[in-house]
Amino acid sequence: MINIPKGTKDVLPAESYKWHYIEKVVRATAETFGLNEIRTPTFEHTELFARGVGETTDIVNKEMYTFEDKGGRSMTLKPEGTAGVARAYIEGNLADGAQPVKMYYLTPVFRYERPQAGRLREHHQFGVEIYGSDSAYADAEAILVAKTLFTKLGVTELELNINSIGCAECRAEYNRALREYLAANIDDMCPVCRERYVKNPLRILDCKEEGCKRITAGAPKTIDYLCNGCAAHHEALKGILTSLGIAYKVNPMIVRGLDYYTRTVFEFISTSIGAQGTVCGGGRYNNLVEEVGGKHTPAVGFGMGLERLLLVLESLNLPVGEPEIPKLYIAPLTSAEAAEAYKLVNALRASGISADTDLMSRSLKAQMKYAGKRGYEYTLVLGGDEIASGKAALRKMSDGSEKVVELDKLQEELKG
RNA sequence: GUGGGUAUAGUUCAGUUGGCUAGAAUGCCAGAUUGUGGCUCUGGAGGUCGUGGGUUCAAGUCCCACUACUCACCCCA
């Protein structure tokens, strides 16, 4: 027995309707915001993620599915959705079209991690990407897409956390201040944070170690070191959110693990699905396009974990769509009627009605049990009498009521 | 990568201080009812008790290792 790879999940036939439901609401929501779908490859040159996501991140350092192809090139299964979109924006000359470019994607992403509740090695993300605008309205637009989607799905419990981590200039200033503050306590920090101190001190704020949390509790905050431009941007976003009536919390500890973020970062967090509560995370990444080889292009967006979103819906007993139920099952009484039943069924299918018949040469009783279990809306027994008279009893399975109909009028009967 | 928990039928689980041929429920297939599903009754199929060692007269049960699953750390969606 060869089993499923660790950290992956099958979506079995009985559950796929939930995915259809979520995807349908996602696409409908994206459309009302004027977002167009973009599809990029499942794998890219490793270099793209190394430069885009950042060499110091855990994602690039230890979580990527990297392999060498037969031509000796280093390839990586996408660990997130944004880097590929940035590459496509450049390569597809999207900067030459009307700006801003508003896109969304639905994609699997791959990270080599230890699975746990709400965390997989392959999961699926809905993402929004808005390129070309540096306005706080674009930040608000991204947040609003997520918020609107949650509302449509009935999710009201998610808390929106926002923060600003500034731009390259204020970050340098801030890092200096943070290092200065931490210098005295460096020996009390965990080994990982001691390394972060050198490479990327900002990440220390994200540390969950008790000792480090105590130390960082009084640490300088990025939002206190913003340059005038970044501070104004942050204030503008807060103003827009407030005017829209969107509740948010400024959380100075939101730092995020991807290096491409500048200015705005945000997360929608759930408390009902276990330790991995971030359902949606994103922010602004003004330097990403330049980083992967294009000209400077401000951009903002987010990624949303669809498995986590589904966990939220189910944990709150919210609707997750309805199973797709076929309409009619025609049961041939004996093998003599099988061919006629098959012909009837296919005529109905051709007119767009979902219909089935026996594929196992089973008894009438067995066929009725099958039809009952699968949930067909109607059944019809086809015997010699029915074929001779051209009429048969159409049974409605929910209440057992029957109605005699002409076989060649089945189509009209079922459409109504 | 680190730590905790778990592993018996397709599924959910019983299985006593180690002691007859390993059980139930549910699901699946069939019959009761030779032209009609759900309810009821009856029968059938389905298990190398996660894998490999060890202790013992005797191991599903005790010990060790490994593997898988799971939760948490870490990280993130």
Side-chain angles (χ1 to χ4, degrees), chain A residues 1-9 12 14 53 56-64 78-82 106-127 146 158 190-193 196 203 206-210 212 254-258 265-270 273-282 301-312 329-334 336-337 360 362-386 392-402:
Chain A
M1 166 73 187
I2 298 169
N3 40 18
I4 194 169
K6 187 197 282 276
T8 64
K9 281 254 192 298
L12 299 173
V53 178
T56 66
T57 61
D58 276 16
I59 290 179
V60 169
N61 275 322
K62 43 190 197 194
E63 296 178 0
M64 294 208 298
K78 55 165 94 163
E80 53 88 60
T82 296
L106 284 163
T107 184
V109 302
F110 308 86
R111 290 178 206 165
Y112 192 88
E113 303 184 271
R114 280 282 288 271
Q116 71 182 76
R119 191 171 73 186
L120 297 161
R121 288 184 174 178
E122 179 188 28
H123 75 277
H124 297 78
Q125 288 192 9
F126 162 53
L158 297 181
C190 72
V192 183
C193 281
R196 285 170 174 151
R203 188 94 9 92
D206 232 5
C207 189
K208 306 293 191 299
E209 294 279 330
E210 274 311 313
C212 300
I254 299 263
V255 163
R256 308 205 48 75
L258 294 84
V265 290
F266 65 88
E267 292 184 6
F268 282 90
I269 300 168
S270 163
I273 57 170
Q276 308 299 320
T278 302
V279 175
C280 173
F302 67 76
M304 186 184 297
L306 297 182
E307 280 83 355
R308 285 187 190 173
L309 179 58
L310 186 54
L311 285 178
V312 169
Y329 182 90
I330 296 183
L333 183 59
T334 70
E337 293 85 19
M360 287 178 76
R362 283 196 289 202
S363 70
L364 179 61
K365 169 100 171 173
Q367 294 187 64
M368 289 305 291
K369 275 181 93 162
Y370 173 75
K373 248 171 260 171
R374 292 236 12 218
Y376 289 89
E377 205 176 330
Y378 295 96
T379 55
L380 183 151
V381 175
L382 193 70
D385 296 350
E386 283 79 5
L394 185 64
R395 171 181 289 209
K396 190 172 188 181
M397 294 299 267
S398 55
D399 58 13
S401 65
E402 292 190 352

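Just so we're on the same page: letters track the sequence lines, and every chain starts at 1.
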Q) Of the nucleotides B:G31, B:U70, B:U36, which one has an atom closest to the side chain of A:Ser363? A) B:G31
Q: Taking atom C1' in both B:G10 and B:G35, compute the distance separating them and give it to the nearest angstrom.
A: 33 Å
Q: Give a yes-or-no answer on whether the side chains of A:Glu122 and A:Thr8 include a donor-acceptor pair shorter than 3.5 Å.
A: no
Q. Among the nucleotides B:G37, B:G3, B:C75, which one has an atom lying closest to any side-chain atom of A:Arg114?
A. B:G3
(Q) Looking only at the side chain of A:Gln116 (C-beta and beyond, no hydrogens), which of the listed nucleotides B:A72, B:G35, B:C76 gets closest? (A) B:A72
Q | Atom P, compared across B:U56 and B:C29: separation rounded to whole Å | A | 49 Å
(Q) Distance check, C1' atoms only: B:A45 and B:U16, in whole angstrom units. (A) 31 Å
Q. Nearest to the side chain of A:Ala117 - B:A72, B:C75, B:A30?
A. B:A72
Q. Nearest to the side chain of A:Arg395 - B:C75, B:G37, B:G35?
A. B:G37
Q: Could you check whether A:Glu122 gets within reach of a base, just the sugar-phosphate, or nothing at all, counting any heavy atom under 4.0 Å?
A: nothing
Q: Mind checking A:Glu307 for me? I need base, sugar-phosphate or nothing, with any heavy atom below 4.0 Å counting as a touch.
A: nothing
Q: Would you mind classifying the nucleic acid contact of A:Gly274 as base, sugar-phosphate or nothing, using non-hydrogen atoms under 4.0 angstrom?
A: sugar-phosphate
Q. What integer number of Å spans the C1' atoms of B:A72 and B:G53?
A. 31 Å
Q | Polar side-chain contact A:Arg308-B:C76 base: donor and acceptor under 3.5 Å | A | yes
Q: Quick one: label A:Arg374 by what it contacts on the DNA or RNA (base, sugar-phosphate, nothing), any heavy atom closer than 4.0 Å.
A: nothing
**Q.** Spacing of the C1' atoms in B:G60 and B:G50 (rounded, Å)
**A.** 12 Å
(Q) When you measure from the side-chain N and O atoms of A:Lys365 to the phosphate of B:A30, is any distance below 4.0 Å, counting only OP1 and OP2? (A) no
Q | Check: A:Arg362 main-chain N/O paired with A:Gln367 side-chain donor or acceptor under 3.5 Å | A | yes
Q. Can you check whether A:Lys373 has a side-chain N or O nearer than 4.0 Å to OP1 or OP2 of B:C29?
A. yes
Q | Listed nucleotide nearest any side-chain atom of A:Gln276, set B:C69, B:C28, B:C73 | A | B:C73
Q.
Would you measure the distance from the P atom in B:U6 across to the matching atom in B:G15 and give it in whole Å?
A. 14 Å
Q) Within the structure shown, what part of the strands sits under 4.0 Å from A:Val279 by heavy-atom distance: base, sugar-phosphate, or nothing? A) sugar-phosphate
**Q.** Same-atom distance (P) from B:U8 to B:G52, integer angstrom
**A.** 16 Å
Q | Integer angstrom distance from the C1' of B:U55 to that of B:G46 | A | 33 Å
